[in-house]
There are 2 protein chains.
Amino acid sequence: MDDRTGQRTVAETAARRPENRYGNRPTMKDVAARAGVGLKTVSRVVNGEPGVTPDTERRVQEAIEALGFRRNDSARVLRKGRTASIGLVLEDLADPFYGPLSRAVEEVARAHGALLINGSSAEDPDREQELVLALCARRVDGLVVIPAGDDHRYLEPEIAAGVATVFVDRPAGKIDADVVLSDSFGGARDGVAHLIAHGHRRIGFIGDQPRIHTAIERLRGYRAAMEDADIPVDEAWVSLGVTDPERVRTAAETMLGGPEPVTAVFAGNNRVTVTVVRVLASLDRPVALVGFDDIELADLLEPGVTVVAQDAAQLGRTAAERLFRQLDGASQAPERVELPTRLIQRGSGELPPAG
Amino acid sequence: MDDRTGQRTVAETAARRPENRYGNRPTMKDVAARAGVGLKTVSRVVNGEPGVTPDTERRVQEAIEALGFRRNDSARVLRKGRTASIGLVLEDLADPFYGPLSRAVEEVARAHGALLINGSSAEDPDREQELVLALCARRVDGLVVIPAGDDHRYLEPEIAAGVATVFVDRPAGKIDADVVLSDSFGGARDGVAHLIAHGHRRIGFIGDQPRIHTAIERLRGYRAAMEDADIPVDEAWVSLGVTDPERVRTAAETMLGGPEPVTAVFAGNNRVTVTVVRVLASLDRPVALVGFDDIELADLLEPGVTVVAQDAAQLGRTAAERLFRQLDGASQAPERVELPTRLIQRGSGELPPAG
DNA sequence: GTGAAAGCGCTAACAC
DNA sequence: GTGTTAGCGCTTTCAC
């Protein structure tokens, strides 16, 4: 014992049951023995249930303090069914787009007394599935998924078993499930129309990989705006692919070179925008730019970056709220919620065509 | 049944055992019954243990598929002791500093087959404690904590019981625990010395709340650099407090006004830097700036923002690796690891004093 | 107001 | 190779 605290030291505790390094904790049984009461009485005190005299309660509390008891929720879950935790599978926690989304989901979870288990799929469908199933094995009550893959039939038994599920940012593949999206099509169409309104006709589109729903939708928006203005799209102006700086830089440089370069670029997401801004900064002529997703400090660049902003936090909040509504038993049919985007003019999208 | 898939529909499943909305899942016992084998055989197949004939294995697999069985890890945990999950408590998942940190912790966890449970303390000590204890109740194997509070004695019984614990970014309070930090003192001192080397003498410091360790350390670094240069600090140049834009803006405007304004500002973290950049952009004279933490697009502003960069991902990685080393049984004495910072010159820190 | 017994779904230990 | 039994720590049920 440590004389000052009366607490067992690490070494002593470890020695007590050397065969079990981590399960080595006081249980309700231990507390009951120490307090001289029955197991169920301890359970009542720990869970704040009525029917315990103040005196008994005090004795139990003392035993809990002395032993450093903490209820084992794993065991509790096993009996109760619910884990009070939800899972969030997204592409990359380090992407500034997902930070606020993730935080919003966490806030809603917290308001419902649930913890958040977080995982990044790194845009890999297998990894997404692996993560989701690991979460299901932990018996999370619900899942918020930003899908990487396009086939989610593997979730059918889970959903049938009562795991609440909401997809965000992109719809589920081959199953019918709730989904919360931004209006990628409309946002991109408006952004490109904005460039056209400022006199551009040769407009480039650089987007994410074509297997990603938002990439396709935004490209569709681009094509719609071009068509509305009767501008035939030269396929050399369109580039989809991974969003790492090298690929985007090459794509941008290609469509900005040659005899008939584009005079404006529409960037398909925040990662693309950042790289395109860098490329444009190194040019000696002004090229207009509108980006999908807002980015920090976009207002302070010269020119400011005009963007089609989506509200990542609102996306997360809406999804999480739907999730808990499912859990609260309001089992409506799966729904598709689409949040509007907002064009923010800061200068780069209002530049006229150069040369 | 759904005729196309042979899958039970949600409604049918829910009806099967109406008394139990969520625990309504096939168990190993069910699989065993269906496959006509013993419970343990199912366990062997599910866990890939040897000693099952290919034929039996096939039958079990078929039953698993047919029933949509997924092992219940809660029950497993109860027996095995370890949960293969770790907790990460940080200030705010939405802060761009924590995204990469969090992702790095996740990657290490993944490499060790563990899931990550994530929570934001919102810089509130009570909420930190509540979160940490909730994670302990879930019996996470380990904790990575960016502390909000300064008294972590509440963790003593947990650590004694074998919960691996590593603090990041700030040290633990009143307990002896592993901690991984950036060199806040040295980084700030170097950054301020850099400003002094460029001719500044009236240099402002705007930092986070004084109860935050890094805020104090960085202020210490500021004072050390000033003292090394024999510049007495006017306390009107120093401002600590919350990092929301209003407070920082007011602080900046105050020290930039008056008859003897500061000619340079050292910003104590990324949130502060962003706001100071905005304030400086609205001035008609150049004011030098060095910020602690790198920020995206800092290189594209005019002038580029000179920063003392810390490696958030490395911080997270180092902490998580230490955590798993603890779990692997190498129980050394608690250690303090300090990672170096790096001064990145981009222009704003090299401006001479104006006027 | 309190407690004993059963059992949640799994794994460990030991039969056969 | 395979199955049986006990029990992880808790909650549920029901008896006192």
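When reading the values below, keep in mind they use all heavy atoms of this one structure, side chains included, and skip hydrogens, waters and symmetry mates. What you see is a predicted model, and the numbers here were worked out from it, not measured in a lab. Per chain, numbering begins at 1; letters A, B, ... match sequence-line order.
- Between the CD1 atom of I117(A) and the CG atom of L131(A) there is a distance of 10.5 Å, given to the nearest 0.5 Å.
- Contact check, T41(B) against dG3(D): a side-chain N or O comes under 4.0 Å of OP1 or OP2.
- Atom CZ of R139(A) is separated from atom P of dC10(D) by 21 Å (rounded to the nearest Å).
- Nearest to the side-chain atoms of A75(B) among the listed nucleotides dG3(D), dC10(D), dG9(C) stands dG9(C).
- Projected onto DNA chain C by closest heavy-atom contact, E49(B) and S74(B) fall at different nucleotides, the more 5' of which corresponds to S74(B).
- Rounding to the nearest 0.5 Å places CD1 of I159(A) at 4.0 Å from CD1 of I175(A).
- Comparing dT2(C), dC10(C), dT11(C) by their nearest atom to the side chain of F69(B) picks out dC10(C).
- Contacts of F324(B) classified as ring pair (Phe, Tyr, Trp, His ring centres under 6.0 Å), with partners at least two apart in sequence or in another chain: H112(B).
- The CD-C1' distance, from E57(B) to dG1(D), rounds to 13 Å in whole Å.
- A close approach under 4.0 Å does occur between a side-chain nitrogen or oxygen of S43(B) and OP1 or OP2 of dT11(C).
- Shown here is D124(A), whose CG atom has more than 12 heavy atoms of other residues, nucleotides or ligands within 6.0 Å.
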Each nucleotide N or O in nucleotides 4-7 of chain C that has a protein N or O under 3.5 Å away: list the pair and distance.
residue	atom	partner	partner atom	Å
dG7(C)	N2	R79(A)	NE	3.4
dG7(C)	N2	R79(A)	NH1	3.0
dG7(C)	N3	R79(A)	NH1	3.0

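- Nucleic acid contact class of T56(A) (heavy atoms, under 4.0 Å, all strands): sugar-phosphate only.
- Atom-to-atom, CE of M28(A) to P of dG7(D) comes out at 20 Å; the value is rounded to the nearest Å.
- If you find the closest nucleotide of DNA chain D to V37(B) and to R76(A), the one lying nearer the 5' end belongs to V37(B).
- Looking at the side chain of T53(A), the nearest of the listed nucleotides dT11(D), dG1(C), dC10(C) is dG1(C).
- Contacts of V77(B) with the nucleic acid, taken as non-hydrogen atoms under 4.0 Å apart, are absent.
- Just one of K40(A), R59(A), R44(A) meets the side chain to side chain contact (heavy atoms under 4.5 Å, CB included) condition when paired with V52(A); it is R44(A).
- Of the listed nucleotides (dT11(C), dC8(C), dG3(C)), dC8(C) has the atom at the smallest distance from the side chain of L78(A).
- Relative to the side chain of K80(A), the nucleotides dT11(D), dT2(C), dG3(D) differ in distance, and dT11(D) lies closest.
- Summarising the geometry, the separation between CZ on R138(B) and P on dC10(D) is reported as 14 Å, rounded to the nearest angstrom.
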Residues R325(B), D328(B); criterion salt bridge (charged side-chain N to carboxylate O under 4.0 Å, His left out); working and verdict: CA-CA 5 Å; R325(B) 223 171 303 136; D328(B) 291 345; over 6 Å; no
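- No option in D141(A), D178(A), V163(A) other than D178(A) meets the side chain to side chain contact (heavy atoms under 4.5 Å, CB included) test with Q326(A).
- Counting non-hydrogen atoms under 4.0 angstrom, N47(B) reaches the backbone sugars and phosphates but no base.
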